[in-house]
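Quick note: residue numbers are just sequence positions, from 1. Just so you know, ligand 1 is whichever comes first in the structure, and atom 1 is the first atom listed for that ligand.
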Amino acid sequence: MRTEALIIGAGPAGLSAAIELGQRGIETLVVDEYPVPGGRLLGQMYQSQSGWWIGRRVAEDLLERLGRFPNVHLMLETSVSGLAHAGGGWTATFSQRAGTVDAQAVLIATGATEVPIPLPNWTLPGVMTVGAAQTMANVHGVRPGERGIIIGFGALAFAVADELTRAGVDLAGIVLPPLQGPSQWLGTVQDQWRRLRDVVHLGPRWARAATPLVASDFWLERVMAGAPQKGIPALGTVLRPNVAAIAMAGEEAVSGVWLQRVDRRGTLVGEPWHEAVDFACLSGGLRPVPDLAAATGAAMKSSRSGLHDVPIFGPVGETTAPGIFAAGNVLGIEGAPVAMAQGQLASIGVLRHLSGNPTEWAAEQAAFSRALEVARERAPLVFDRAWSQIHEEIRQAWTNRPKEG
Ligand SMILES: Cc1cc2nc3c(=O)[nH]c(=O)nc-3n(C[C@H](O)[C@H](O)[C@H](O)COP(=O)(O)OP(=O)(O)OC[C@H]3O[C@@H](n4cnc5c(N)ncnc54)[C@H](O)[C@@H]3O)c2cc1C
């Protein structure tokens with residue numbers, strides 16, 4: 001099989017790029033390993049000041065627009081397992097089906113994945129990642145259980161707590177992860193508490209009024225360390241900022257969680273106690289899925305933890321591997337509107353590569369760059385503040401990269 005452009009990933013980044021390529025007549029194949037296109041849009045749902053954001057509707061709109069272009073084809077339930085440079089283009093191999101596809105340009109839009117939190121008994125049925133609970137509730141309309149607990153502070157944990165309680169699920173609250181042992185990379189207890197800054201604007205009026213308090217390390221530490229053991233009501237549940245989950249309990253399925261108090265240094269204090277739950281959601285954060293980009297030989301920006309590894313990329317999603325482009329969460333964790341603008345920008349890179357003209361589509365590039373800035377300014381959730389610094393370093397690395405010839 002041959003195509004001009006291959007897009008790996010039918011999330012908001014991949015679909016937005018496909019629409020731009022489709023309307024410019026480019027023969028495009030979009031491949032996704034999931035049976036339904038839309039990527040992580042399918043599970044997203046939250047209320048902003050301008051009303052409800054329902055990711056599934058955004059995905060339906062993108063697909064309706066994509067359906068207008070007979071030159072764009074969707075191949076689902078197909079995982080791309082490899083990319084090899086061949087004959088000036090790239091050959092993709094699949095893991096579920098025979099055959100390969102040859103493409104002149106490839107856009108990698110493989111998104112992000114969750115980082116689990118290993119704690120004793122975490123393999124018991126009923127223990128899941130917070131994104132899995134989001135998919136069960138928002139995509140499949142299934143309650144993950146009757147009474148659950150969320151372990152780990154972070155934008156996704158707070159968003160999903162809100163979504164689950166709106167769906168009528170009883171939560172024992174949001175507690176800290178174990179901050180010693182194999183979970184040390186989750187940071188200090190202060191790092192966990194600081195994540196409240198990313199969502200305080202979404203809370204009720206009294207929470208928004210507390211923004212200056214949350215913004216100050218001094219006050220944040222005092223309020224969080226001094227919170228009552230039963231927690232602070234928020235997001236339809238309770239935040240329990242000085243309680244950590246230390247182990248799951250149960251025989252054949254999870255039946256409870258062991259909790260223990262922590263002090264302001266994150267040290268466990270006092271005796272552990274047991275609380276009954278029939279499901280638990282682990283929220284260790286999100287990380288990009290850059291493996292295919294790395295396999296092409298594209299220069300990568302590596303991080304000590306591996307959680308921030310991304311390809312070095314230019315203004316229109318170009319990587320240092322010729323004909324390989326990237327967009328969306330594979331470049332860093334941000335929301336869907338940002339991924340959509342990145343997909344549109346990367347389509348310009350693909351078009352220029354196919355035509356051999358590096359300066360065409362300048363007006364579109366300017367419009368999409370502006371859309372990206374606006375999407376960032378309006379983003380309701382900040383997943384990890386490290387990304388803006390990493391993106392700045394990548395901009396410098398791109399400018400200073402060794403040039404051919
Ligand atoms: C569990 C989880 C929950 C999230 N929840 C929210 C939320 O509530 N709100 C929010 O704003 N953001 C959320 N995000 C962030 C979300 O990733 C972005 O909002 C946005 O969806 C990113 O778009 P994308 O197109 O880059 O990637 P995605 O939407 O993740 O799409 C990537 C697509 O690539 C496919 N894919 C990956 N690898 C391959 C391969 N090798 N072969 C074929 N197909 C492949 C996947 O199946 C997927 O459909 C969440 C992310 C995750 C991981």
- Item | Element-labelled atoms of ligand 1 that are located less than 4.0 Å from some non-hydrogen atom of Gly328 | 26 (O)

- Could you tell me whether the side chains of Glu20 and Ser347 share a donor-acceptor contact shorter than 3.5 Å? no

- Message: Counting only heavy atoms closer than 4.0 Å, does ligand 1 sit against the backbone of Ala13, its side chain, both, or neither?
- Response: both

- Query: Hey, does Glu114 come in under 3.5 Å of ligand 1, counting only N/O atoms on both sides?
  - Reply: no

- Message: Tell me the protein heavy atom at minimum distance from atom 44 (N) of ligand 1, and give that distance in Å.
- Response: Glu33 N, 3.1 Å

- Task: Give the atoms of ligand 1, by number and element, whose distance to some non-hydrogen atom of Ala109 is under 4.0 Å.
- Result: 32 (C), 33 (C), 34 (O)

- Message: If we check side chain to side chain donor-acceptor pair (under 3.5 Å) with Glu27, which of these qualifies: Arg2, His73, Gln104?
- Response: His73

- Note on the structure: Ser79 heavy atoms within 4.0 Å reach ligand 1 at atoms 41 (N), 42 (N), 43 (C)

- Give the atoms of ligand 1, by number and element, whose distance to some non-hydrogen atom of Gln134 is under 4.0 Å. 3 (C), 4 (C), 5 (N), 7 (C), 8 (O)

- Query: Taking atom 33 (C) of ligand 1 as the point of reference, which of Val58, Thr78, Asp32 owns the nearest heavy atom?
  - Reply: Asp32

- Item | Cation over ring face, Arg24 and Trp361, 6.0 Å, 45° | yes

- Message: Within the 3.5 Å criterion, strictly below it, is a donor on Glu163 or Asn138 matched to an acceptor on the partner's side chain?
- Response: yes

- Query: Between Asp191 and Arg195, is there a salt bridge with N-O shorter than 4.0 Å?
  - Reply: no

- May I ask you to identify the nearest protein heavy atom to atom 11 (O) of ligand 1, giving residue, atom name and distance to one decimal place in Å? Gln44 OE1, 3.4 Å

- closest protein heavy atom to atom 28 (P) of ligand 1 is Arg40 N, 3.8 Å

- Determine whether the side chains of Gln365 and Arg352 contain a donor N or O and an acceptor N or O closer than 3.5 Å. yes

- Message: Please check whether Thr113 reaches ligand 1 - meaning an N/O of the residue sits under 3.5 Å from an N/O of the ligand, judged on distance alone.
- Response: no

- Message: Can a side-chain donor-acceptor contact be found between Glu4 and Thr28 if the only test is distance below 3.5 angstrom?
- Response: no

- May I ask you to identify the nearest protein heavy atom to atom 50 (C) of ligand 1, giving residue, atom name and distance to one decimal place in Å? Leu286 CD1, 4.0 Å

- Parallel, tilted or perpendicular: which fits the ring planes of Trp387 and His308, with parallel below 30° and perpendicular above 60°? perpendicular

- Item | Short N or O distance, Pro12 and ligand 1, threshold 3.5 Å exclusive | yes

- Query: Looking at Asp217 and Arg197, does any basic side-chain N land under 4.0 Å from a carboxylate oxygen?
  - Reply: yes

- Message: Show me which atoms of ligand 1 lie under 4.0 Å from any heavy atom of Ile8.
- Response: 40 (C), 42 (N), 43 (C)

- Message: List ligand 1 atoms under 4.0 Å from Gly131, heavy atoms only on the residue side.
- Response: 1 (C)

- Item | Glu373 bridged to Arg376 by N-O distance under 4.0 Å | no

- Query: Counting only heavy atoms, which portion of Gln342 has something under 4.0 Å from ligand 1: side chain, backbone, both, or neither?
  - Reply: neither

- Flag for Asp309-Ser302: side-chain donor and acceptor within less than 3.5 Å: no

- Just checking, is any N or O donor in the side chain of Glu275 or Trp273 under 3.5 Å from an acceptor N or O on the other one? yes

- Task: Could you tell me which atoms of ligand 1, counted from 1 in the order shown, lie closer than 4.0 angstrom to a heavy atom of Ala339?
- Result: 22 (C), 23 (O)

- Message: I want to check a possible cation-pi pair here: Arg370 against Phe368, using under 6.0 Å from ring centre and within 45° of the ring axis as the test.
- Response: no

- Task: Have a look at ligand 1 and work out which part of Val160, if any, has a heavy atom under 4.0 Å from it: side chain, backbone, both or neither.
- Result: neither

- Note on the structure: the protein heavy atom lying closest to atom 31 (O) of ligand 1 turns out to be Gly11 CA, 3.4 Å

- Give the residue, atom name and distance (to 0.1 Å) of the protein heavy atom nearest atom 34 (O) of ligand 1. Gly9 CA, 3.2 Å

- Task: State if Glu334 counts as touching ligand 1 under the rule of any non-hydrogen atom under 4.0 Å.
- Result: yes

- Considering only NZ, NE, NH1 and NH2 on the basic side and carboxylate oxygens on the acidic side, decide whether Asp61 and Arg65 come within less than 4.0 Å. yes

- Can you sort out the partners of Ala298 under side chain to side chain contact (heavy atoms under 4.5 Å, CB included), two or more places apart, ordered by chain and number? Thr296, Thr319, Thr320, Ala321

- Message: Can you tell me if Val289 contacts ligand 1 (heavy atom of the residue under 4.0 Å from the ligand)?
- Response: no

- State if Ala112 counts as touching ligand 1 under the rule of any non-hydrogen atom under 4.0 Å. yes

- Message: Would Ala336 count as being in polar contact with ligand 1, using the rule that some N or O on each side must be under 3.5 angstrom apart?
- Response: yes

- Query: N/O to N/O below 3.5 Å, does that happen between Asn329 and ligand 1?
  - Reply: yes

